[in-house]
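Read the structure below first, then the notes.
Computed from a predicted model, the values in this text were never measured in an experiment. Every heavy atom of this structure was used, including side-chain atoms; hydrogens, water molecules and symmetry mates were not.
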Amino acid sequence: MKITRLYLALLLPLCLLLGCSPTISTFDQTAYAQVTSLKVDALDLMDKATENYTTHESEVKTLQLNIDKAIEYDKHRPHNEITTQMWTLLNNPEGHLFGGFLVKWKKDGKCNAAYIVDKKKQISNSFDQIAELESKKIKPAQVTQ
Amino acid sequence: MAINFKNVLATLKQGIADLAGNSLKEFITQATADGQAILNELKDDLKIWTKQLSNGDISKDDFSDLVLGQADEIKMIALKQAGLAEVAVDQFKSDVFNLIINTVVGLIPY
């Protein structure tokens, strides 16, 4: 029986190593804090888009830099391609979420109040998708390895 | 005392089937609810934007950007669902290996 136990003791960790390589990254508190914090900052800045873009250009640049940092952080986490794709879509200047909104604000000078309200809903929801995915990832302590 | 591998395998087979059933059920319920929510939102928003456009509250360019933004938002939701499917796969794998360890090791006599 001792031989069987020894055999299993060696076999099971081997199976775990081979079979339990993660498909997606585990939960990361820093990434979650970043996305929820940036969502608040982004929505707050959008409220100011009824005013001239040039008045808020430095705030835009600061927020854009913080978003770039969050993307860079997520990009270097292993098995985190989906979250990185979500950030890229949200931040795409040629798209129609936050990156596109900033380009439109700059181009138009200022935005219609009703448009801002509608757009905030889309952008808020988009940040939520990233946060929800992060929050539902397996916590590192729960990973079998 | 010899281990009855036939019983061990039967126990594992049932345990894995239960795990798969529960994991999939939870994932499908969530994905269906999300899909239904998108559909309802899309319908309501389109009505609101059309009214805002005809009232002059938003421009044609705003309207177009909102419609395209809706498409991007749907892509975000689809990406999240793809991520959640991967989380479900990892959770399932983890649960299966825990089941194997607990079942097999528990049956080995000292």
Side-chain angles (χ1 to χ4, degrees), chain A residues 1-2 4-5 8-9 11-13 15-16 19-27 79-83 85-86 88-90 92 95-101 104 107-108 111-119 121-123 125-134 136-138 142-145, chain B residues 1-3 26-27 30 34 37-38 41 44-45 48-49 51-53 55-59 61-102 104-105 107-110:
Chain A
M1 280 311 116
K2 273 184 182 173
T4 312
R5 283 184 67 81
L8 285 169
L11 185 68
L12 286 175
C15 288
L16 293 175
C20 274
S21 62
T23 314
I24 192 165
S25 59
T26 51
F27 173 75
H79 309 289
N80 201 36
E81 293 79 11
I82 292 183
T83 298
Q85 281 179 56
M86 292 171 91
T88 304
L89 186 58
L90 180 68
N92 180 10
H96 301 275
L97 293 174
F98 192 63
F101 172 82
K104 185 170 156 54
K107 181 178 69 103
D108 294 350
C111 300
N112 288 317
Y115 164 76
I116 295 169
V117 171
D118 297 334
K119 202 70 197 169
K121 207 172 125 190
Q122 290 183 343
I123 288 165
N125 197 20
S126 297
F127 272 103
D128 286 346
Q129 301 310 308
I130 301 177
E132 281 171 27
L133 175 58
E134 194 60 45
K136 286 180 182 169
K137 286 177 182 173
I138 300 172
Q142 295 175 309
V143 177
T144 308
Q145 259 187 22
Chain B
M1 193 180 103
I3 298 170
E26 200 176 303
F27 178 70
Q30 185 57 50
D34 274 13
I38 299 165
E41 195 185 305
D44 294 344
D45 285 347
I48 294 167
W49 302 337
K51 197 175 171 188
Q52 286 175 334
L53 180 63
N55 290 345
D57 295 331
I58 59 172
S59 67
D61 186 50
D62 293 341
F63 181 82
S64 158
D65 183 73
L66 287 167
V67 173
L68 293 168
Q70 186 73 263
D72 280 353
E73 197 186 330
I74 290 168
K75 282 184 207 164
M76 291 289 286
I77 294 166
L79 280 167
K80 182 191 79 176
Q81 290 300 340
L84 291 180
E86 291 193 354
V87 173
V89 167
D90 281 349
Q91 187 63 62
F92 178 69
K93 282 199 299 193
S94 174
D95 290 346
V96 166
F97 278 101
N98 281 332
L99 179 75
I100 292 170
I101 290 167
N102 294 335
V104 176
V105 173
L107 286 171
I108 301 167
Y110 284 93

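Ranked by non-hydrogen atom pairs under 4.5 Å with chain B, the options A/I130, A/D118, A/I123 are led by A/D118. Counting heavy-atom pairs closer than 4.5 Å to chain A, the top-ranked of the candidates B/V67, B/D65, B/D57 is B/D65. Heavy-atom pairs under 4.5 Å with chain A were tallied for B/V96, B/D61, B/I48, B/V89; the largest tally goes to B/D61.
Separation of atoms OG (A/S126) and NZ (B/K75) is listed at 11.5 Å; rounding is to 0.5 Å. Once rounded to the nearest 0.5 Å, the distance linking NZ of A/K137 with CD of B/Q91 reads 14.5 Å. If you take CG on B/D72 and CG on A/L89, they are separated by 4.5 Å, rounding to the nearest 0.5 Å. Rounding to the nearest 0.5 Å places CD1 of B/I74 at 11.0 Å from CD of A/Q129. Summarising the geometry, atom NZ belonging to A/K136 is positioned 5.5 Å from atom NZ belonging to B/K80; distances are rounded to the nearest 0.5 Å. Distance check, rounded to the nearest 0.5 Å: NZ of A/K121 to CD of B/E41 gives 5.0 Å.
For chain A, the nearby part of B/D45 is the side chain; its heavy atoms alone come within less than 4.5 Å. Neither the backbone nor the side chain of A/D128 comes within contact range of chain B, judged by heavy atoms closer than 4.5 Å. B/Q70 touches chain A through backbone and side chain together, each having a heavy atom under 4.5 Å away. Residue B/E73 touches chain A through both its backbone and its side chain, counting heavy-atom pairs closer than 4.5 Å.
A heavy-atom distance below 4.5 Å is found between the side chains of B/I77 and A/N125.
Across every non-hydrogen atom of B/V87 and A/I138, the tightest pair is O-CD1, 3.9 Å. Here the closest heavy-atom approach between residue B/Q52 and residue A/A114 is recorded as NE2-CB, 3.9 Å. Heavy atoms only, all atoms of each residue included: A/Y115 and B/I58 are closest at N-CG2, 3.6 Å.
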